[in-house]
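Heads up, the thing below is written out as C-alpha cells.
Index from 1, following the sequence.
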Amino acid sequence: MARTLKRSAAFAALARALMAGARGGPSLGARLAALPRMIKATARGEYDGGLRLALMTAAAAYVVSPVDLVPEMFLAVLGLVDDAVMVTWLAGSVLAETERFLEWEARRASVVPGSVLS
C-alpha cells in the first residue's frame with residue numbers, strides 16, 4: 001500500500017509539472033524546445049548544466065539500452081519497475097532542468113552587454 005502511494009505521488013507530481021504551462025509556467029512545448037539550446041549552451045560552457053545533462057543522458061541510455069532487456073526477461077516485475085522509476089526520474093529531471101534553463105535564459109537576456117565606465 002505504501003509503495004502504491006509513493007508511486008501515485010510521484011506520478012501526480014509529474015502531472016502537475018506537465019500542467020505548469022496552464023498556470024503560467026513554461027509549457028511542455030517550450031521546455032522541449034529549450035533542450036537543444038540548453039545542450040548548446042552547456043557545450044559552449046555558458047550554462048552550468050553539464051553534470052545534470054550527463055546524468056539525464058545516462059538515464060536515457062539505461063532505459064533504451066538493449067542490455068537492460070535481460071532483467072525484464074528473467075525478473076519481469078523488477079525489471080519493469082526499475083525502468084519505470086528511471087523514466088519517472090528522467091521526466092522530472094528534464095522538466096526541472098529545462099525550467100531552470102529557461103529562467104537562466106530570461107535573466108541572461110535582461111543583461112545589457114558592454115563594459116562599466118568608471
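Annotation: side chain to side chain donor-acceptor pair (under 3.5 Å) contacts of Glu105 (sequence neighbours excluded): Arg37.
Pairs engaging residues 55-65 under the salt bridge (Lys or Arg N to Asp or Glu O under 4.0 Å) rule: none recorded [sequence neighbours left out]. Pairs of residues two or more places apart, or lying in two chains, that qualify as salt bridge (Lys or Arg N to Asp or Glu O under 4.0 Å) and include a residue from residues 47-58 are Asp48-Arg52, Asp48-Arg100, Arg52-Glu97. Residue pairs that meet the ring pair (Phe, Tyr, Trp, His ring centres under 6.0 Å) test with at least one member in residues 78-102, sequence neighbours left out, are Tyr47-Phe101, Phe101-Trp104.
In terms of modelled atom types and a separation under 3.5 Å, the side chain of Arg31 and the main chain of Val94 share no donor-acceptor contact.
Residue Tyr62 holds its OH atom at 3.5 Å from CG of Asp82, rounded to the nearest 0.5 Å. Considering CG of Leu90 and CG of Leu55, their distance stands at 10.5 Å, rounded to 0.5 Å. Here the straight-line distance linking atom CG of Leu35 with atom NZ of Lys40 works out to 12.0 Å at 0.5 Å rounding.
Between Ile39 and Leu53, the shortest heavy-atom contact is CA-CD1, 4.1 Å. Shortest non-hydrogen contact noted between Met86 and Ala59 is SD-CB, 3.6 Å. Contact record, Ala34 with Leu102: CB-CD2, 3.7 Å, taken as the closest heavy-atom pair.
In this structure the side chain of Leu32 never reaches within 4.5 angstrom of the side chain of Thr98, judged on heavy atoms.
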